[in-house]
Novice: 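Structure below; questions to follow.
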Number of protein chains: 2
Amino acid sequence: MSGNSLVKPTHNINIPRPGSAVRGSKTGQPIMVLFDLLGRRWAMGIIWNLYETSCTFRTLQTRCESISPTVLNTRIKELRAAHIIINTPNGYALTEQGRSLYMLLSPLGDWSKEWVLHLRE
Amino acid sequence: MSGNSLVKPTHNINIPRPGSAVRGSKTGQPIMVLFDLLGRRWAMGIIWNLYETSCTFRTLQTRCESISPTVLNTRIKELRAAHIIINTPNGYALTEQGRSLYMLLSPLGDWSKEWVLHLRE
DNA sequence: AACGTACGCTACGTTTACGGTAGCAATACG
DNA sequence: CGTATTGCTACCGTAAACGTAGCGTACGTT
């Protein structure tokens, strides 16, 4: 499945692809494909943690405080297939696209702080 | 449509709350709490679909092409608890905060289109 | 060579989330 | 009365995620 020649997976990973499939969107609108990709546990957290510095599998695992290696590996495969992260000699890093995606996610940081304050009331 | 029928959840829903818990973040950083909330299936899709017009439970279910009522109801409870959506006489709608959150998610629409084009190569 | 260490990653069993279908109670209207 | 639509729940099977353990490789040190 998904003619992407990655390492043979333990259990089949279902990488969101535009135009077909993706959980729930028959039309395969790009935004829904993206939401499918980002709406998986730890996906955005990984992007967030990779922006400052690239890092190895294990340090990434440490930064995401409690992610299992199984899920981390799955997310890595998905995000690599999506060309959002890449494996460099220095470890995993955001691609150019990944960095541009981070720039869009970045404002959520400030928003979440305001949001938390508002929820406290 | 009756206003607020009382909430009697079948299975306990675990609503992300700042400061404690949330899947994987012991520190409870706001951004991680938000990622926990948005990184659940259909969460962002619901926000996306509610921006144009507010709509009822069933129409929302229709707009999200294949969401089960169980999950939709769970997401609604979570997003309501987070003050991102609200139940109005006209159906469910984004709150002021929800709309400001949408404004941040909105650029992802264009980004995803570019991203899809890049993936096709 | 033998040792320790860190690396990316997998196996596997348990728990949790999600999907799919059915259906209930409440409201509205004929 | 009947029917239709609403929000929402029950149930159950499947898929995703967690937690722990460990493999194989590549280093550096002694």
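The figures that follow rest on heavy atoms only: side chains count, while hydrogens, waters and symmetry mates do not. Worth saying up front: this structure is predicted, and the values here are computed from it rather than measured. The chains referred to below are lettered A, B, ... by the order of the sequence lines, with proteins before strands, and numbering in each begins at 1.
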Novice: To the nearest angstrom, how far is A:D36 atom CG from D:dA16 atom C1'?
Specialist: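 Atom-to-atom, A:D36 to D:dA16, this comes out as 12 Å.
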Novice: Would you say C:dT10 has OP1 or OP2 under 4.0 Å from some side-chain N or O of A:K77?
Specialist: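 Yes, A:K77 has a side-chain N/O under 4.0 Å of OP1/OP2 on C:dT10.
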Novice: For A:R41 and A:T74, which I'm curious about, is there any donor-acceptor pair between the side chains at under 3.5 Å?
Specialist: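 Result is no, nothing qualifies.
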Novice: Identify, with sequence neighbours excluded, every residue that meets side chain to side chain donor-acceptor pair (under 3.5 Å) alongside A:T56.
Specialist: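 Here the qualifying residues are A:T59.
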Novice: To the nearest Å, give me how far apart CZ (B:R41) and P (D:dT14) are.
Specialist: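 Roughly 16 Å, once rounded to whole Å.
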Novice: Any salt bridge linking A:R99 with A:E96? Criterion: basic side-chain nitrogen under 4.0 Å from a carboxylate oxygen.
Specialist: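 Here A:R99 does not pair with A:E96 in a salt bridge, since their nearest N and O are not under 4.0 Å apart.
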Novice: With a 4.5 Å cut-off on side-chain heavy atoms, are A:Y92 and A:L72 touching?
Specialist: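 Sidechains of A:Y92 and A:L72: no contact.
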Novice: Grab the CZ-P distance between B:F35 and D:dA17 for me, whole Å please.
Specialist: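 Spelled out: CZ on B:F35 to P on D:dA17 is 16 Å.
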Novice: Nearest-Å distance, CH2 (A:W42) to P (C:dT16)?
Specialist: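 Taking atom P of C:dT16 as the reference, CH2 of A:W42 is at 17 Å.
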Novice: Starting at CG of B:N87 and ending at P of D:dT6, how long is that distance when rounded to a whole Å?
Specialist: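 Rounded to whole Å, this separation is 14 Å.
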Novice: Supply the atom-to-atom distance B:M32 CE to A:S112 OG, rounded to the nearest 0.5 angstrom.
Specialist: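 B:M32 atom CE to A:S112 atom OG measures 9.5 Å (nearest 0.5 Å).
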Novice: I'd like to know if B:W111 and B:L117 are part of one continuous hydrophobic network [Ile/Leu/Val/Met/Phe/Trp/Tyr, side-chain heavy atoms within less than 4.5 Å].
Specialist: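 In one cluster with B:L117: B:W111, no.
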Novice: Under the ring-ring contact (aromatic ring centres under 6.0 Å, His included) rule, collect the residues that match up with A:Y102, sequence neighbours excluded.
Specialist: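 Residues passing ring-ring contact (aromatic ring centres under 6.0 Å, His included) with A:Y102: A:W48, A:Y51.
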Novice: What's touching nucleotides 20-23 of chain C from the protein side, N or O pairs under 3.5 Å?
Specialist:
residue: C:dG20; atom: O6; partner: B:T70; partner atom: OG1; Å: 3.0

Novice: In whole angstroms, how far is the P atom of C:dG19 from the CG atom of B:L72?
Specialist: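 So the CG-P distance, B:L72 to C:dG19, works out to 11 Å.
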Novice: In this structure, how many angstroms lie between the P atom of C:dG8 and the CG atom of A:N90, rounded?
Specialist: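 After rounding, the gap between these two atoms is 12 Å.
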Novice: Report the distance from atom CG of B:L60 to atom C1' of D:dC8, rounded to the nearest whole Å.
Specialist: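 Checked: the CG to C1' distance equals 13 Å.
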Novice: May I ask you to verify if any side-chain N or O of A:R40 is less than 4.0 angstrom from the OP1 or OP2 atom of C:dA17?
Specialist: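 Answer no for this pair, as no side-chain N or O of A:R40 is under 4.0 Å from OP1 or OP2.
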Novice: Measure from the side chain of A:T56, starting at C-beta and using heavy atoms only, and say which of C:dG8, C:dG19, D:dC8 lies closest.
Specialist: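 Of all the options, the side chain of A:T56 is nearest to C:dG8.
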